[in-house]
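Everything below concerns the one structure shown next.
These numbers come from the heavy atoms of this one structure, side chains and all, not from hydrogens, waters or symmetry mates.
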Amino acid sequence: LNPFPPKQIFFLHFLLSPSNFPSFLPDMIPTVGVFRKRQRTTSTRHSSTAAIANSSFFDITQNHHRCSPTTTTCDSASLLFNDASTADVVLRLFTDTVSPPESSPSVDSAPISDLHVYLHSDILCRSKYFSALLSDRWIGNIYPQSPSQEQTTNHERFLLNLGVPPSPGSIQNHLTVLELLYTNDFPNAVESVSTALDILPVALELLFEDCVRWCVSYLEAVPWTEEEELGVVNLIPFLSEEESKELVARVSPVGGNACEEMLQGLISSAINNYGNTAFVKAFVGKILRDVSSRETAKRVLEEAFRKSLKTVKQSLEDYSSPVFRGDHNETEAIQRLNLHKASTIGKQLLWLVERMIELRVADAAVREWSEQEAFTADLKKAFGDDAWRNIVPGLPAVILRCTSKLAHAVCAGTILASTQVRRKLVEDWLPVLVVCKDNVSPASNKSLYLELEETFLQIISTLPMSDAQELLQQCLSFSTRNVEDCPHLVTAFNTWFRRAAHPFKLDSLCDSSDT
């Protein structure tokens, strides 16, 4: 049942002996014909000290041939890849996960999944893996030779067996890396991300450092598709910390709040930094919908909402309660600046409200909007005079649209607000609507006024009758010259009087059910 021949058993015993390990191969322990994935530790961390899991099993115990007497040692610069006339190493590549048989097929009859490559030990030593396998320390322990043999041997040829994963292109990728040991032509060999991802595992397996560095540098410098990025991420654990530093930085944000900080920057840019804000705001809105998590979007939008609301409130407060100076023109200029700031930030506030409602994260916004007694008092004071008309004529509409959006979301059930929030929302903002109707041209904002009137009346219908009684009396300004033109007001009062005339009594309901 033992899968290893006797020679291979000896080789495994040799490998498992700690005294026989080269310093840079501490974790290459074969087990059932497959290399274990290397564990990267402090004591063994160096460039490319990783093999790809389940990648190969190297066997140098199959045959030990002597080459013909005509073979001579050549200068490394003149050695050619796959040159049988000068090779001192024959590498058998095969797509098999078990140990190869004792007898190897001839080169002529070898199929594409099992072939021989003629190589040179002087070149192979550029790979630390081959350098270790062909070193005197390893081969001398496996094949102790007599002095007579060494004296009569001009040149030795070793047959090495390398099993590769049975995946498409695996043998070709190994051939590419082996040829690069000879040519160093990395620019022509690595012309795409897919090529780099194909040969980098082989270079890591064979500890071919120059090839590893080139592939990593190439991957650092070029863009990836999503599929290619997954391949890069899967290879990062097999690289040293120094090698993978740039790749890790590319796919790992600094800090745990990167998404939140990015969204904050996008929102700030969309509402502050672009002249043509419509397209930018539309794009940022799409990012908020499609990319970010709901909780992240909620936090970012709530923070932006609070900041914008604070600015608008402060500007209106400064306008409504100015600090008069000796120079009348200076005071007037400051007043104009306050109104312009309130109008500009108010538009930003409206966009934020729309996004929050769209994402159903406007609960906090509704609560804050319903707690603005001082703010609404400043608005009534500001809109009660005529100074704002020639400065920011659109300011009332902006503020009322914010109110209308939030109130409609509450009325529609998009935001589930408590009774207190619903009552305060109407109680604080109904007087602002009344002032705007009295002082702002109704022709331009008639539909807005009517929409907000209907929404307020519907919210009032959800309140306890005592609250509804108080608030409905403040809605008489909704009436028109022709009673038929205000059906929403008529319906609201009819509903209240119907409930008052036929109050609900639990006892009577129980009695009727018993009968």
Is the side chain of [X] donor-acceptor paired with the backbone N or O of [Y] at a distance under 3.5 Å, no angle test?
{"X": "Arg157", "Y": "Val90", "result": "no"}
{"X": "Ser217", "Y": "Arg213", "result": "yes"}
{"X": "Thr225", "Y": "Glu228", "result": "yes"}
{"X": "Asn82", "Y": "Tyr118", "result": "yes"}
{"X": "Glu260", "Y": "Thr296", "result": "no"}
{"X": "Thr195", "Y": "Glu191", "result": "no"}

* **Separation of Asp378 CG from Asp318 CG (nearest 0.5 Å)** => 9.5 Å

* Identify, with sequence neighbours excluded, every residue that meets side-chain hydrogen bond (donor to acceptor under 3.5 Å, both in side chains) alongside Thr183. => none

* **Sequence-distant partners of Thr403, side-chain hydrogen bond (donor to acceptor under 3.5 Å, both in side chains), two or more places apart** => Trp369

Looking only at heavy atoms, which two atoms of [X] and [Y] are closest? And how far apart?
{"X": "Ala196", "Y": "Cys215", "value": "O-SG, 4.2 Å"}
{"X": "Val312", "Y": "Ala342", "value": "CG2-O, 4.0 Å"}
{"X": "Leu350", "Y": "Cys402", "value": "CA-SG, 3.5 Å"}
{"X": "Leu124", "Y": "Leu181", "value": "CD2-CD1, 3.9 Å"}
{"X": "Ile199", "Y": "Thr176", "value": "CG2-CG2, 4.2 Å"}
{"X": "Asp428", "Y": "Gln372", "value": "OD2-N, 3.7 Å"}

* **salt bridge (Lys or Arg N to Asp or Glu O under 4.0 Å) contacts in which one or both residues fall within residues 358-367, not counting sequence neighbours** => Arg289-Glu358, Arg355-Glu358

* Qualifying residue for side chain to side chain contact (heavy atoms under 4.5 Å, CB included) with Leu160, from Leu93, Val89, Leu119, Val117 -> Val89

* Asked: Which residue pairs satisfy the side-chain hydrogen bond (donor to acceptor under 3.5 Å, both in side chains) criterion with at least one member in residues 405-421, sequence neighbours excluded?
  -> Thr419-Arg422

* Check step by step if side chain to side chain contact (heavy atoms under 4.5 Å, CB included) holds for Val212 and Glu243. => CA-CA 9 Å; Val212 171; Glu243 288 169 336; 3.7 Å; yes

* Asked: Does atom NZ of Lys341 have more than 12 heavy-atom neighbours from other groups under 6.0 Å away?
  -> no

* Asked: Is the count of non-hydrogen atoms from other residues, nucleotides or ligands lying under 6.0 Å from Lys347 atom NZ greater than 12?
  -> no

* Structure fact -> The ring pair (Phe, Tyr, Trp, His ring centres under 6.0 Å) partners of Tyr182 (sequence neighbours excluded) come to Phe81, His120

* Asked: For Trp351, what residues pass the ring pair (Phe, Tyr, Trp, His ring centres under 6.0 Å) criterion, not counting sequence neighbours?
  -> none

